[in-house]
Amino acid sequence: MMPLPPVDRFNRVLVAFVEMKEYFVSISLFKDMCVLAIPVDRCTINIIINCFCHLNEVDYGFSLLGGIIKRGFSPNVVTYTTLLRGLISQGKSVEAERLFKKLVVFNEIKPDVVTLNTIIVGLRKTGHTSIAVRLFRSMDMESCAPDAISYNTVIDCFCKHGYVDRALILLYEMTKKGISPNVITYNSLIHALCNLDRWADTRRLLREMVIRNISPDVYTYNVLINAYGKARKTKDAENVIKLMIQRGQYPDVVTYTALMHGYCLHGDINEALSVLNTMRRKGLSPNTRCYNILIYGCCKNLKVDEAIDLFQDMPFEGLTPTIEICSRILQGLFHVGRHFEAQKFFKEMMPNHGVTLDTETCNTLLHDLCRKRYVVEALSLFHIMEGDDVIYNTLIRGCLQNKKYKEGCVLLDEMHARGISADNSTTSMLMDLLK
DNA sequence: ATAGGGTTAG
């Protein structure tokens, strides 16, 4: 019999699937290896834990932790960093913090630069920006110095909070320290500069990229196309697409969505729709966000029938319309006085296209309509749905905020008659009005 | 020294 290839040969295969985001494949291969009693090592299990984390199944990741110990290995810094990232990406930051503290207190691991970068991302995600920056600043003192990814994370953090100039200072700080910026660094900065219409700085950074021999990637081009689209410069956006193709970077769904958005803002719905066809011709499947932008654009330009056509296409693309899309179409119909069709859309088309009309979605929908000042219209839909206490409160607040006091009082009486009472936020709004 | 971290479209 042929000798079995060494473990790392198997591990390489698992990693290859991870790189292709084929997490299920890696997991099933791992299961096969276990069944066939092919030896696995700590790396193998770390790879699989990571797969579970990417599939939002961090709990399975933790159950594999036991597998490591059972096999006589001990979890290491990679194992725990993977689990920390898993917790953070699933919004379980409190658990992540608890785990991290426990690991440090019990000297279980010595956090390295990857661990700290992961923690910085977590802090940033939960809005603890200043703690994130402080941790980044403390990295010099620790045995692990910040690397390009640490800088990129904090640079992006500054960019997203409107401190582009502080981000630019960090760019020069990192180069001075001998840490090379990469395409991701520039993408964050260019994105922020474009959002602020700082075109001269954008051009300067693009030139800098050339000097440093950093090639723009699809992200870079997409950021530029988005910026041109938002500035109503659709011609320039088209030219960037030509340029990127010339340079071997192929446009993706984001590219064409950004372009479509530009046309929508320009009021050029036909052009936007033709971009949708271009996308399909190139074998790219439009996603929910594409439809969102297009439907929004159609409604804004009083082309409700086109919006409804797009809505009806969504199931054929395997997509379910979101409640935001439905709300936008209803607003479009209400706006031009097509009330009867709006009711029909709500009662028939939405359920037929996979939108579940439970009380939660109905509440979201009514809340959105009230926010856009379609209060009377929201009430007309309310009469053909099941109302619960949350919905009553939403509508009453909507009435009060839009000065529809008579309607609000009718609802209040109706609600009381049903034995439902106003919640805190509705009560305080009523109190404010009485003052 | 095989495994873990960062960027784009409303």
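Computed from a predicted model, the values in this text were never measured in an experiment. Quick note on labels: first sequence line is chain A, next is B, and so on, each numbered from 1. Heavy atoms only: backbone and side chains are in, while hydrogens, waters and symmetry mates are out.
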> Of all the choices, B:dT8, B:dT7, B:dG4, which nucleotide is nearest to the side chain of A:Ile184 once you look at every atom?
Replying inline: B:dT7

> When we call it a touch if two heavy atoms are under 4.0 Å apart, what does A:Val183 touch: a base, just sugar-phosphate, or nothing?
Replying inline: nothing

>> Rounded to whole Å, how long is the line connecting atom OH of A:Tyr219 with atom P of B:dT8?
In response: 7 Å

> Looking at residues 282-312 of chain A, who's got a heavy atom less than 4.0 Å off DNA chain B?
Replying inline: A:Asn287, A:Arg289, A:Ile293

> How many Å lie between CD1 on A:Ile225 and P on B:dT8, as a whole number?
Replying inline: 16 Å

> Got more than 12 heavy atoms from elsewhere within 6.0 Å of OH, A:Tyr163?
Replying inline: no

>> Using the rule side-chain hydrogen bond (donor to acceptor under 3.5 Å, both in side chains), only one of A:Thr394, A:Asp358, A:Asp368 pairs with A:Asn363; which is it?
In response: A:Thr394

> Taking atom C1' of B:dA3 as reference, at what distance in whole Å does atom OH of A:Tyr23 sit?
Replying inline: 14 Å

>> For A:Asp165, is there an ion pair with A:Arg198 - N to carboxylate O distance below 4.0 angstrom?
In response: yes

> Which ones in residues 185-200 of chain A lie close to DNA chain B, meaning a heavy atom under 4.0 Å from one of its atoms?
Replying inline: A:Asn187, A:Ser188, A:His191

> Any Lys/Arg nitrogen of A:Lys160 or A:Asp156 sitting under 4.0 Å from an Asp/Glu carboxylate oxygen of the other?
Replying inline: yes

> Does the pair A:Phe52 and A:Tyr23 meet the rule for a ring-ring contact (aromatic ring centres under 6.0 Å, His included), with working shown?
Replying inline: CA-CA 7 Å; A:Phe52 280 120; A:Tyr23 307 114; over 10 Å; no

> Between B:dG4 and A:Asn76, is there an OP1 or OP2 to side-chain N/O distance shorter than 4.0 Å?
Replying inline: no

>> From C-beta outward on A:Asp41, which listed nucleotide comes closest to its side chain: B:dG10, B:dT2, B:dG4?
In response: B:dT2

>> Need one value for A:Val113: base, sugar-phosphate or nothing, where a base atom within 4.0 Å counts as base even if backbone is also close, heavy atoms only.
In response: base

> Side chains of A:Ser274 and A:Asn277: do they bring a donor and an acceptor to under 3.5 Å?
Replying inline: no

> Could you give the CG-to-P distance, from A:Asp217 to B:dT7, as a whole number of Å?
Replying inline: 13 Å

> Would one find a side-chain N or O of A:His261 under 4.0 angstrom from OP1 or OP2 of B:dA9?
Replying inline: no

> Is there a donor and acceptor pair closer than 3.5 Å between the side chain of A:Thr115 and the base of B:dG4?
Replying inline: yes

>> Between P on B:dG4 and CD1 on A:Ile120, what's the gap in Å once rounded to a whole number?
In response: 19 Å

> Can you tell me how far P of B:dG4 sits from CG of A:Asn11, to the nearest Å?
Replying inline: 10 Å

> Over how many whole Å does the gap from A:Leu259 atom CG to B:dG10 atom P extend?
Replying inline: 13 Å

> Is it true that A:Glu341 and A:Arg338 have a side-chain N and a carboxylate O under 4.0 angstrom from each other?
Replying inline: yes

> What about A:Thr82: does its side chain form a donor-acceptor pair under 3.5 Å with the base of B:dG4?
Replying inline: no

> Rounding to a whole Å, what distance do you find between A:Arg12:CZ and B:dT2:P?
Replying inline: 8 Å

> Does a distance-only test, which skips hydrogens and angles, find a donor-acceptor pair under 3.5 Å between the side chain of A:Asn46 and the base of B:dA3?
Replying inline: yes

> Within a radius of less than 6.0 Å around OH of A:Tyr172, do more than 12 heavy atoms belonging to other residues, nucleotides or ligands occur?
Replying inline: yes

>> Can you tell whether the side chains of A:Arg371 and A:Glu324 come within less than 4.0 Å, N to carboxylate O?
In response: no

>> I need the residues from residues 160-179 of chain A with at least one non-hydrogen atom less than 4.0 Å from DNA chain B; give them sorted by number, or say none.
In response: A:Lys160

>> With no hydrogens and no angle check, just 3.5 Å: does a side-chain donor-acceptor pair link A:Tyr151 and A:Lys177?
In response: yes

> What heavy-atom pair brings A:Arg247 and A:Pro216 nearest, and what distance separates the two atoms?
Replying inline: NH1-CG, 4.5 Å

>> Under the side-chain contact (heavy atoms from CB on, under 4.5 Å) test against A:Tyr186, which residue among A:Asp217, A:Thr202, A:Ile214, A:Ile155 passes?
In response: A:Ile214

